[in-house]
Trainee: 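Below are the structure tokens for one structure; questions will follow.
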There are 2 protein chains.
Amino acid sequence: MHEDCVDSHPAPGGMAIVRPGLRCGGHPERRESMTTRIQKANRKRILDAALDVFSAHGFRGATLDQIAEAAGLSKPNLLYYFDNKEAIHRALLTRLLDTWLDPLRMLDPNGDPETEILAYMRRKLHLSRDFPRESRLFANEILQGAPRIEDFIRGDLRGLVDEKAQVLSNWAQSGRIAPVDPYHLIFSIWALTQHYADFAAQIAMIRGDATDPLDGADAFLAQLYRRLLTP
Amino acid sequence: MHEDCVDSHPAPGGMAIVRPGLRCGGHPERRESMTTRIQKANRKRILDAALDVFSAHGFRGATLDQIAEAAGLSKPNLLYYFDNKEAIHRALLTRLLDTWLDPLRMLDPNGDPETEILAYMRRKLHLSRDFPRESRLFANEILQGAPRIEDFIRGDLRGLVDEKAQVLSNWAQSGRIAPVDPYHLIFSIWALTQHYADFAAQIAMIRGDATDPLDGADAFLAQLYRRLLTP
DNA sequence: GTCTATAACAAGATAGAC
DNA sequence: GTCTATCTTGTTATAGAC
């Protein structure tokens, strides 16, 4: 995440005229079509607002009005920064997919099997805790048949899953974990962890809106996978 | 499901004029505002088409044009049978929620704990296999914050979950199953079974579109819950 | 860069003939 | 009951002033 020179919580509305050449880091005139800090900040504001709206209503359900309202900008101003609605959505997905594979990628074939699998589960669980909107954006996309991320799934994701499934399979065959179907094992981790983000509304309504939906989840899932994997 | 006198696959378009009084079963003139067999069949066609479209695109993403196209009827004709778009969606949700609780309701406090829990898991898994569209309709609704089914969740669903969680808790405390958090146990069954319907697109793209996403799921989940629950 | 105003179009819903 | 045609509104996107 390389985001220097950008406030994380900029004041709303258009403010602070920035003269070109007066930028943060030591490169006064890097190139012709440069990006000012305001532009960066506004793009960020827009994407954050858009994440709120798209994750809650899906692509079609979201409107530019809602996003503009949430970003504190006018609708035409949104379209100054992004070509169209689709482009905003695509930017969000791209940013998401860029890091979506990391937790699984980190699963180390040379580590201790149970430790590695539990750590992977925890990384996914923390993703649900820290980035629930991203999880729901992804879920919306899959629910609708994954029209915009089909290439990613059939390509990078499938490749990585196949690779790690082989690792799990080896661990099972060598008796270091109990014999389990590696694909279902991976799917189960996705299902169990993402559920806490995607179905958070339901969980909150059942457990009471006060309690944190993720309370006790880590302990429960750790117990579950220890018992499942012990040879 | 009481659906007599209705073809399951009626020919498309408006056909077959039915004179009132010429209905199937022996009640020639039951009441004034009666429902003809065509009406019944068309309502069914509409709801089936709507289920396709709503489950794939969400409420806002679905259009009456798509539903009309899928049902083989004209858009105004749709609105002859249902007051508006909302009414179609509400009819689907009502029909769904009516049976959504059944699998959990059947969990018998007097049965064998492990057998009962595994049977519940299987009933949910079969729901994902036989009614994946309904599962996705529900998932769409929850993802968007459950605006239309909040009362159901806070009422009937929560009540039933609390009741059955108590049963599970008793089983755990009496040592008949391993000590587990009953709520997380229930959530885990929802997550693991519904995942095969809600994320079917992703699973198909990873495992290859040929193989059935549910292949091996039953065995894997049975193994998982046996190991988790054994005292 | 940001806004107001508005064009262009999609989508829900209705009117009225048949 | 079903259709074609149409009204109305909401939504994306653009024009053009500042």
Side-chain angles (χ1 to χ4, degrees), chain A residues 6 10-23 32-46 49-50 53-54 57-91, chain B residues 6-7 10-23 32-46 49-50 53-54 56-91:
Chain A
V6 173
M15 30 69 259
I17 291 126
V18 172
R19 278 174 294 273
L22 250 182
R23 287 195 312 295
E32 294 309 283
S33 76
M34 57 212 161
T35 309
T36 71
R37 60 198 271 189
I38 294 184
Q39 283 177 327
K40 259 194 175 176
N42 274 344
R43 288 186 95 89
K44 210 175 167 172
R45 290 156 57 77
I46 293 169
V53 180
F54 280 129
H57 300 98
F59 181 75
R60 284 283 317 274
T63 71
L64 290 180
D65 273 321
Q66 291 173 299
I67 298 172
E69 160 87 27
L73 272 68
S74 72
K75 194 161 46 167
N77 208 2
L78 243 61
L79 296 167
Y80 169 79
Y81 287 97
F82 292 90
D83 284 347
N84 48 40
K85 183 181 175 180
E86 178 85 28
I88 304 178
H89 192 255
R90 190 169 41 243
Chain B
V6 173
D7 311 75
M15 30 74 249
I17 292 126
V18 173
R19 278 174 296 273
L22 249 182
R23 287 196 312 293
E32 295 308 285
S33 76
M34 56 213 162
T35 310
T36 71
R37 61 198 270 189
I38 294 184
Q39 284 177 328
K40 260 194 176 175
N42 274 344
R43 289 185 94 89
K44 209 176 166 171
R45 292 156 55 77
I46 293 170
V53 180
F54 280 128
H57 301 99
F59 181 75
R60 286 283 315 272
T63 71
L64 290 180
D65 274 318
Q66 290 173 298
I67 299 172
E69 160 87 28
L73 272 67
S74 71
K75 192 162 48 167
N77 208 3
L78 243 59
L79 296 167
Y80 169 78
Y81 286 98
F82 293 90
D83 284 347
N84 48 39
K85 182 181 176 180
E86 177 86 28
I88 304 177
H89 192 255
R90 191 168 40 242

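Quick note on labels: first sequence line is chain A, next is B, and so on, each numbered from 1.
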Trainee: Starting the side chain at C-beta, find the nucleotide from dA13(C), dT2(C), dT4(D) nearest to Leu64(B).
Mentor: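 Looking only at side-chain atoms, Leu64(B) lies closest to dA13(C).
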Trainee: Determine the interplanar angle of the His89(B) and Phe59(B) rings, folded into 0 to 90°, and report it as parallel if under 30°, tilted if 30 to 60°, perpendicular if over 60°.
Mentor: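 His89(B) and Phe59(B): perpendicular rings.
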Trainee: Out of dG12(C), dG1(D), dT2(C), which nucleotide sits closest to the side chain of Thr36(B)?
Mentor: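 Given the options dG12(C), dG1(D), dT2(C), the side chain of Thr36(B) is closest to dG1(D).
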Trainee: From CG of Asn84(A) over to C1' of dT11(D), roughly how many Å is that when rounded to an integer?
Mentor: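 In whole Å, dT11(D) C1' lies 13 Å from Asn84(A) CG.
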Trainee: Grab the CZ-C1' distance between Phe59(B) and dA11(C) for me, whole Å please.
Mentor: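 Whole-Å distance recorded here is 12 Å.
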Trainee: Taking the side chain as C-beta and beyond, is there a heavy-atom pair between Gln39(B) and Tyr80(B) under 4.5 Å?
Mentor: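 Yes - at least one pair of side-chain heavy atoms lies under 4.5 Å apart.
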Trainee: Within this structure, what is the NZ-to-P distance between Lys75(B) and dC7(D), rounded to whole angstrom?
Mentor: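 Distance check: Lys75(B) NZ to dC7(D) P gives 15 Å.
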Trainee: So if I take every side-chain heavy atom of Asn42(A) and compare against dA13(C), dT2(C), dC3(D), which nucleotide ends up nearest?
Mentor: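 So the side chain of Asn42(A) is nearest to dT2(C).
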Trainee: How many whole angstroms separate atom NZ of Lys85(B) from atom C1' of dT14(C)?
Mentor: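 It works out to 17 Å between those atoms.
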Trainee: Which nucleotide, dG12(C), dT2(C), dT4(C), lies nearest any side-chain atom of Ile38(A)?
Mentor: dT2(C)
Trainee: Please give, in whole Å, the distance from dG1(D) C1' to Arg45(B) CZ?
Mentor: 13 Å
Trainee: Look at the side-chain N and O atoms of Asn77(A) and state whether any lies under 4.0 Å from the OP1 or OP2 oxygen of dG1(C).
Mentor: no
Trainee: Using a cut-off of 6.0 Å, state whether more than 12 heavy atoms not belonging to Glu86(A) lie near its atom CD.
Mentor: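 Above 12, so yes.
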Trainee: Return the nearest nucleotide to the side chain of Ser74(B); candidates are dC3(D), dT2(C), dT12(D).
Mentor: dC3(D)
Trainee: Nearest of dT12(D), dT14(D), dG1(D) to any side-chain atom of Tyr81(B)?
Mentor: dG1(D)
Trainee: Out of dT2(C), dG1(D), dA5(D), which nucleotide sits closest to the side chain of Pro76(B)?
Mentor: dA5(D)
Trainee: Check this one for me: any side-chain N or O of Arg60(A) less than 4.0 Å away from OP1 or OP2 of dA10(C)?
Mentor: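 False: Arg60(A) side-chain N/O out of range (4.0 Å or more) of dA10(C) OP1/OP2.
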Trainee: Could you check which of dG1(C), dA11(C), dT2(D) has an atom nearest any side-chain atom of Tyr80(A)?
Mentor: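 The answer is dG1(C), which lies nearest to the side chain.
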Trainee: Let me know, please, whether Gly61(A) or Leu79(A) comes out on the 5' side of the other along DNA chain D by nearest nucleotide.
Mentor: Gly61(A)
Trainee: Rounded to the nearest Å, what distance is computed from the CD1 atom of residue Ile46(B) to the C1' atom of nucleotide dG1(D)?
Mentor: 11 Å
Trainee: Please work out if Ala62(A) contacts a base, only the sugar-phosphate, or nothing of the nucleic acid, heavy-atom cut-off 4.0 Å.
Mentor: sugar-phosphate
Trainee: To the nearest Å, give me how far apart CG (Leu73(B)) and P (dG1(D)) are.
Mentor: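 Whole-Å distance recorded here is 13 Å.
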Trainee: What integer distance in Å separates His89(A):NE2 from dT11(D):C1'?
Mentor: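 My rounded result for the distance is 17 Å.
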Trainee: Show, in sequence, the C-alpha distance, side-chain angles and deciding distance for Lys85(A) and Ile67(A), and conclude whether the side chain to side chain contact (heavy atoms under 4.5 Å, CB included) test is met.
Mentor: CA-CA 10 Å; Lys85(A) 183 181 175 180; Ile67(A) 298 172; 5.6 Å; no
Trainee: Run Leu64(B) and Ile88(B) through side chain to side chain contact (heavy atoms under 4.5 Å, CB included) and show every step you take.
Mentor: CA-CA 10 Å; Leu64(B) 290 180; Ile88(B) 304 177; 4.2 Å; yes
